[in-house]
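See structure below.
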Amino acid sequence: MSIYDTLNEQQKKGVFTTKGPVLILAGAGSGKTRVLTHRIAYLIDELGVNGWNIMAITFTNKAAGEMKERVEQLVGMGSESIWVTTFHSTCVRILRRYADRLGYDNNFTIYDTDDQKSVMKEICKKLLIDTKMLKERSILAAISSAKDELITPQEYALNAMGDFRKQKIAQAYQEYQAVLKKNNAVDFDDLIMQTVELFKTDAEVLGNYQRRFKYIMVDEYQDTNTAQFELIRLLADGSRNLCVVGDDDQSIYKFRGANIRNILDFEKVYPEAQVIRLEQNYRSTQNVLDAANAVIRNNKGRKSKTLWTDQGKGNQIHFRQFDNAYEEAEFIADDVKRKKREGTIDYGGCAVLYRTNAQARLLEERFVVEGIPYDVVGGINFYARREIKDLLAYLKTIDNGRDDLAVKRIINIPKRGIGAATIAKVQDYADMREISFYDALRQADEIISLGKSASAKLKPFVTLIQSFRSKLEFYGLEDLIKDIIETTGYVAELEASNEEDAENRIENIDELISKIVAFEEIHDQPTLGEFLEEVALVADIDRVENDSSRVLLMTLHSAKGLEFSHVYLAGMEDGIFPSYMTIVSDDPDEIEEERRLAYVGITRAKEDLTLCYAKMRMVRGETQLNAVSRFIKEIPDELLDNHLPAPKMNPQDIPSSKFNPVESQVYRYKPVAALKPKQTAAENKPFIAGGGLGALSAAGISKGASAVVGGKPDYDIGDRVKHVKYGEGTVLDLEPGTRDYKVTVDFDDAGQKIMYAAFAKLVKI
DNA sequence: TAGTTGGGTTTTTTT
DNA sequence: AACCCAACTA
């Protein structure tokens, strides 16, 4: 009995075909990670390949970590030396060694999106770019796309001939690269592009790595961009033992430069490639797969395949419709709670997936009210939060004064009376002498333009940093961070402030300290530089542990590669998912990418899938009325437990019937001031209008706003009330919340509940 | 220089 | 709704 016996025929083929280029088309849940890990085990245990010669590349640290763990379980010895990492960390490792050959210092820093934006702001000022016409974001997006395609500033400029906008971007790109180099910094895209550049210009370095990596495997191959493909192609040119695993149906990162042609044209680049298809799914029920297949079938330009399972039909797919997003959130929370109560699942078996991060908020509020433990993945990256970035800027400054951005970030945090004018003068001086901002600070006395009082304010800052540096000789990173917090009074200031989320920020700082402690425990000789590097490449999803006690809330993008027994897809509305942008786009590829995202979402479910639709939803401050997502309509009726058209709506108002397909529409309207409910006690209550679409799309809006959520409810504490679902009860508490009155009711049968007055629809009895 | 306020803006997804 | 920024005031 060997470890390979449990694999199916196709999987075995993937494991045993180790020579030459191999393309494994692996449908969702078809066991691709098993194939990759067993393949590595086979190379080491059966073919006697040294782990040193194997490289496996994934996209997230989480995926890399899991793969590494599973390989370790399969092979006894020799798994430590395998490179199982992400594209970005692979490149950092290479560049840390050879960046000097590209004119950078080997201790370069890595800029995140925030840093990029600060740099670009200064550049726009300097180049007199009107940011009303051409936004920093757009320029950075253009630069990022260029780097994904390995286009240099020079090439970009050549391409920009005759196009004013592109010429401006070209200028900015050129300047941006110059600033980064001056600051000894690279951005995320540089990590890949500069490594490719290194390989192309330095035969010795490339040769080293080609000789080392005799077997290369790439996971999630459909998400590679041109630069990443080139990196892999160069590395694999030595041995040509390149195995890529992917699923063109799960390509969802076009906006990040992913080039779907990499997988569709693999056989053209490598004509001798062997193609292996994994179509048997081990994850989901047949109903889930049928739904996924039915949706993805509507895409053109894919490598056709059909997932199947021998697990049986399973539950029907649940389809639930709601009047608004609050009710959707309420249902999901209630349903999760019910399942937990009935013992069907642990909280950790549930995930709620949505298209946009903003949708998390309502769900979160509801989960808090119901007391369900949850984690939100994504949104703002932990290390991008203000308080964390501030403290990291201290660490960066202490580690390497060349990072001007970090120095400027903290020079006046806490307030030291150093303002924009002083900073500008110091910068001028630094530019003139061609020294770093920090070095200019050290020579504050020499800066003539600075007054006595200004330069006197700079000195204590320099002394502070110097003292941290010298103390670092004697104490560890944990002591350092605590010292910084103490000396600067950062946390104390937060505690004293009446900022609303001060408590939360302090918690984050505590978490940062724990991370530093953990880092020091794991590493034998922990250095500040290494810590900062590790932190720079952490994605939010990496922090998620396989915890059975918390429901996960995340975007569909973040969910790729994960699985849950019970999955809720929230916000299944045309205009939300697929997003409004892709609906109005004239590029049909965009809607296909959204459909792939739907396919990813559906196939995350192992046993149970619930699709939720909310008729009304607040988006960016305006209430939208949306039709049921076209992706739901693509699922055969018999797979759903609840059918279109929606029972709660007037059929002629909602273009949702399959038999009467109507072009997707997004209805928008702005609340008219006169229609707003009189806001007496509490401000900021949501404006939610009832009524049919007909009334809203027509000129006579007034009729549409009859069922409005108003001020204080007509019942009070102590009153007896009746709820549609929970029956009768007594009002225990009634308080104005941020959105609406929160009412606590002790129901005779259902127990105590906290709910929003507007949606509880309690009737006084 | 620091703090406040009002106006304008917002691709949706992220290593 | 939430965020960012410029302009204004103390």
Exercise. Give the rounded distance in Å between these two atoms: CD of A:Glu365 and C1' of C:dA1.
Key: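 Rounding to the nearest Å, CD of A:Glu365 and C1' of C:dA1 are 12 Å apart.
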Quiz prompt | Between C:dA2 (P) and A:Glu622 (CD): distance, integer Å | solution =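 To the nearest whole Å, that distance equals 15 Å.
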Exercise. Check whether the ring centres of A:His88 and A:Phe59 lie less than 6.0 Å apart, and answer yes or no.
Key: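 That pair fails the under 6.0 Å test.
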Quiz item: Would the A:Phe577 and A:Phe631 ring centres measure less than 6.0 Å apart?
Solution: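 Here the rings of A:Phe631 and A:Phe577 have centres that are less than 6.0 Å from each other.
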Quiz item: According to the side-chain hydrogen bond (donor to acceptor under 3.5 Å, both in side chains) rule, which pairs have a member within residues 57-66 of chain A, sequence neighbours left out?
Solution: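 Found A:Asn61-A:Asp542, A:Lys62-A:Glu66, A:Lys62-A:Asn546.
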Self-check item: Set of residues satisfying salt bridge (charged side-chain N to carboxylate O under 4.0 Å, His left out) with respect to A:Glu495, sequence neighbours excluded
Solution: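 Expected list: none.
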Quiz item: Which residues pass the salt bridge (charged side-chain N to carboxylate O under 4.0 Å, His left out) test with A:Glu534, sequence neighbours left out?
Solution: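 Residues passing salt bridge (charged side-chain N to carboxylate O under 4.0 Å, His left out) with A:Glu534: none at all.
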Quiz prompt | Which residues share a side chain to side chain donor-acceptor pair (under 3.5 Å) with A:Arg409, sequence neighbours left out | solution =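 Expected list: A:Asp390.
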Quiz item: Do NZ/NE/NH1/NH2 and the carboxylate oxygens of A:Lys125 and A:Glu122 come within less than 4.0 Å?
Solution: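 A salt bridge is absent here (no side-chain N lies under 4.0 Å from a carboxylate O).
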Self-check item: A:Glu533 and A:Arg96 ion-paired at < 4.0 Å
Solution: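 Yes, charged N to carboxylate O under 4.0 Å.
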Practice problem: At the 4.0 Å heavy-atom cut-off to chain A, mark where contacts on DNA chain B begin and end, going 5' to 3'. | Solution: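 First-to-last contact on DNA chain B, by the 4.0 Å heavy-atom rule, is B:dT1 to B:dT15.
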Quiz item: If we take the P atom in both C:dC4 and B:dT13, what is their distance in whole Å?
Solution: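 Going atom to atom, P in each nucleotide, I get 15 Å.
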Quiz prompt | Sugar-phosphate or base contact per nucleotide [nucleotides 4-10 of chain C; S, B, -; heavy atom under 4.0 Å] | solution = -S-----
Quiz item: When all nucleic acid strands are considered with a 4.0 Å heavy-atom cut-off, which category describes A:Lys62: base, sugar-phosphate, or nothing?
Solution: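 The answer is nothing, as A:Lys62 stays clear of every strand by at least 4.0 Å.
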